[in-house]
Amino acid sequence: MMEHVPLNFPFLAAALLVGISFYILIFKRNLIKLIMGIGMLASGVNLFLVALGYRAGGNAPIYTDVPEGPMVLPVPQALTLTSIVINVAVLALMLTMVILIYRHTGNIDSKKSRILKG
Amino acid sequence: MLSKIVRTAANQLILFILIFGLYVIAHGHLTPGGGFQGGAVIVSGVVMLLVAFSSKELKKSLRERTLSVMESSGALIFIGLAFAGIGIAFFYNFLVGTPIFGRIPVTGPNPGDIWTGGVIPLMNFAVGLKVVAGLSAVVLAMALFSSGEEIEE
Amino acid sequence: MDKLLTYSPILIIAIPLAVAFLIPLISRAGGKARNALVIASLAFVEFLVIILARDIYLNGIHIYTLGAIAPDLALPGGVMVPIRIILEVDAMSIFMGIIWATVSLTAAIYSLSHMARETGQTRFYTLSLLMVAGCFGMIFTGDLFNLFVFLEITSISGAALIAFRTRFADAVEGGFKYIVISAVAGLMFLFGVGLLYAQYNSLNIGFLASVMQYSMLDKIALTLFLMSLTIKTGMVPLHMWYPDSYSVAPANITAMLVITSHACMYAVFRVCFSLYGITLGVAALGWIVVIIGLLTMFVGVTMAVFQTDVMRFMSYHAISQMGYMWLGVGVGLAVLGNPEALATYGRDAIGGGIFHILNHAMYKPLLFLTAGALYHRTATRDLNKMGGLGHNMKFTLILYIIGTLSIAGIPPLNGFASKFLIYESVYQFNPVLAVVAMLVSIITLASFTKAFQSAFTGPQLPEYKDVKEVPKPMLIGMGILAAGIIFTSIFPGLVLEHIVYPATDALINQAAYVNGIMGGIP
Amino acid sequence: MIESPSGFWEPVVWIIAAIVALLIAYFIQRRGEKTYKKGVQSETFLMGNPKLSEGETHVRAHNIYWGFFEGLKKYYVPTINAHTGIINDHLVWLTAGIAIVIIILFIAGGI
């Protein structure tokens, strides 16, 4: 077992990003801003994952021009890439739906464009 | 449609963007990058064309049907490569040791050997094809959508 | 045959995925070829699931490692951690697999007619098969990160399918709500995965379970898993998006979506039992699950009585029925640390909850499909505008009655059998819970009577004078589910003994799941 | 056959019992009133008012259980108002739920 990763700036930045994005998700009624919030949430989580991949003294696992020494296991980087790819798909789908919502209701406010309730 | 300067510059730049994207795809198993990243670089070129020319112009050269076939074949090549190793295991790297991308990479400082990685470079190309087609379709559809048109069936 | 059995866990996921991308090419040859391909591939998957199930019940857990022969092959530097993508299929996974294979095949048969009038069917089938592959992946994976990936595949294709009829404003809105909730829930799940990876340097459920310490970060991760997955099952008070999304989708998609929310519920069970399991020495989590189960049941059913949109009405009932499963399994979770109580009633409570999943997975898709049949012929979902349809749609009427009696728990149908087990075992834990559960069952019957009365009975309305019975493929799709209901009704003991209790024991027996992975690694 | 902690359930026995009960009910019904006139006595009787058209006699969905909702107004009005259908509110519930469950798990402790 490796020792716990010390709390440092990347984690604080990730927490800040997640916090800001939750603020956006809760208080911003503009659907485009909501999607931006989800994008920021994704960035926060990705930053968290990438920060986990850092190990003191480890080398980046790139086989060209690598210095001598141990390499880190690139699992968190792989996770982050997968998560980024998924988020591209999710954001594209959400934006398309917002375009359609705007076409149907002429509004991108989450309260005014709502039809279904109760 | 933007001015002639922008259009000419875009016409020249797209070549470099394409080359850079292909470079990122081809070196995906050696350096950071790969199919998705290189594909995204190429699609950024498509976006540039979309800005320089209008979406209607671009629709003529990028047909939805062609993109759909490209995307499907990219995914099929990927899954086919995964299936090809099923004699041993799904996703088994059956090309290791063969002349095609089969060399064992050396550790330590070295300039990198392109003929390594087994099926991974091939999968990178498949993913690149899929990403280029898929993201171009997404971008084009959105541009057409917001200008009030539909992408043709 | 042996080879096929060895590869079946991955083939079950890979075949729908490959066919999904083959469809855009095949559909050049015409709609018939495409439909035949879809049905054939799903039938083959069903066959694979059945032979795999038979083998699992005989020989125990199946492990499949992607890219290598064994899970521990070629680990660098003597690391004794499973780093590869590993599929671990035990009795609980294959239980969900049987359900999902059957319902997706049924929904595909149904959609042959139901979607025949829509444009863009190629995309429809591509997305459906992606959803099939994604949900199978969720069920079979033994890896937390893959669970996230497959969860997102299911969500993305599901959202696109909900909004498939983009000409309706409500469909788009439902799809948008679904994708937003899924995206946020998925990212929260990923955050929890990251928290576990930070501590234990692995993503494999079996390995994590063997080193789990239940530290502060583990508690936060547990909460994130629990809430992000339960929001997708429509648990009260996180259920409000659920009827909005599920009521606007095409009926065959809603039938499949119900099972995807069961798959999320399965993931919660996996996390609670297999990942945390023994370390949950306290009853707190069990009580949380029991209380949200009660709330889910009660709020779901009372809101359902009020609805006049037939799909929305059934969506609220789907929420309400989920409460029974939470209740049963929650009671089992609360007594997990107490072997005596677990043996007397805990196992029966979990078994009742899981049996109810099986029953719900048959009657709820059936009811959604009958609602789709009504929509197919009347082009409205509003119960206020319907009436007297039983005169012309006799088969739909019969199928609806079977579903209704089953969901309301009227003996001798299967809904009663599972509810009976839940009532009796929950009564031993706390009598109040059983009383609430029975009350909910009564309101369920009352509300379904309302829908039955307003849609099927009454004089033949002039606007529906020449309504015809729905086409044959739709009736066949519904008939398969109804046949399943009747079989389970007559032989509940058989089903319980051979399918449900193995799944229950697979959940309770955490050591077997851990050994499935860690057995090969010293 | 299902065995639960305090009983059992056997649908075949139940079905046989139900058939026997239905047969008994049928025999009792056959011994009933013989003077019933088919067609005449099944007509709708609306206190002498003229017969309504077919669409009007059908009780529509929103009229069913009206009294139930009226009686439980105190429960229904706030519950339905809570279902706003606004996506931001759904996310508020999610955030609040995560916070509450974390607090409960911390208070409850564990190993």
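Proteins get letters first, then strands, A, B, ... in listed order; numbering begins at 1 in each. Heavy-atom basis, side chains included; hydrogens, waters and symmetry copies ignored.
- To the nearest 0.5 Å, the span separating OG1 on T105(A) from CD on E173(C) amounts to 8.0 Å.
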Please walk me through it: do V180(C) and L25(A) pass side-chain contact (heavy atoms from CB on, under 4.5 Å)?
CA-CA 10 Å; V180(C) 169; L25(A) 291 179; 5.6 Å; no

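- Only the side chain of L93(A) has a heavy atom closer than 4.5 Å to any heavy atom of chain C.
- Around the CZ atom of F168(C), the shell of radius 6.0 Å holds more than 12 heavy atoms that belong to other residues, nucleotides or ligands.
- Heavy-atom pairs under 4.5 Å with chain C peak, among S110(A), A89(A), P76(A), at P76(A).
- Considering every non-hydrogen atom in both A183(C) and V90(A), the closest pair reads CB-CG1, 3.7 Å.
- When heavy atoms are compared at a cutoff of 4.5 Å, S113(A) approaches chain C solely by way of its backbone atoms N, CA, C and O.
- Looking at R167(C), the atoms closer than 4.5 Å to chain A (heavy atoms on both sides) all sit in the backbone: N, CA, C or O.
- With a threshold of 4.5 angstrom between heavy atoms, V248(C) approaches chain A through side-chain atoms but not through N, CA, C or O.
- Summarising the geometry, atom CE belonging to M94(A) is positioned 13.5 Å from atom OH belonging to Y178(C); distances are rounded to the nearest 0.5 Å.
- Contacts of L34(A) with chain C are made by side-chain atoms alone, with heavy-atom separations under 4.5 Å and no backbone atom involved.
- Minimum heavy-atom separation, M97(A) to G175(C): SD-C, 3.6 Å.
- At a 4.5 Å heavy-atom cutoff, the contact between F145(C) and chain A is made by side-chain atoms alone.
- Between F148(C) and L79(A), every side-chain heavy-atom pair lies at or beyond the 4.5 Å cut-off.
- Of the atoms belonging to M240(C), not a single heavy atom falls under 4.5 Å from chain A.
- Using a 4.5 Å heavy-atom threshold, the side chains of V193(C) and L49(A) count as separate.
- Of all the heavy atoms in K177(C) and L116(A), the pair that sits closest is NZ-O, 3.6 Å.
- For the pair L195(C) and F48(A), the minimum side-chain heavy-atom distance is below 4.5 Å.
- Atom-to-atom distance recorded for L187(C):CG and S83(A):OG is 6.5 Å, nearest 0.5 angstrom.
- Taking the side-chain hydrogen bond (donor to acceptor under 3.5 Å, both in side chains) definition, one finds that E152(C) meets it with nothing, sequence neighbours left out.
- Between T166(C) and H104(A), the shortest heavy-atom distance links the atoms O-NE2, 2.7 Å.
- Between I115(A) and D170(C), the closest heavy-atom pair is CD1-N, 4.1 Å.
- Within 6.0 Å of OH in Y102(A) there are 12 or fewer heavy atoms belonging to other residues, nucleotides or ligands.
- With a 4.5 Å cut-off on non-hydrogen atoms, I153(C) does not touch chain A at all.
- The parts of L41(A) that come within reach of chain C are both its backbone and its side chain, each placing non-hydrogen atoms under 4.5 angstrom from that chain.
- Rounding to the nearest 0.5 angstrom, the gap separating the CD1 atom in I179(C) from the CG atom in L95(A) is 11.5 Å.
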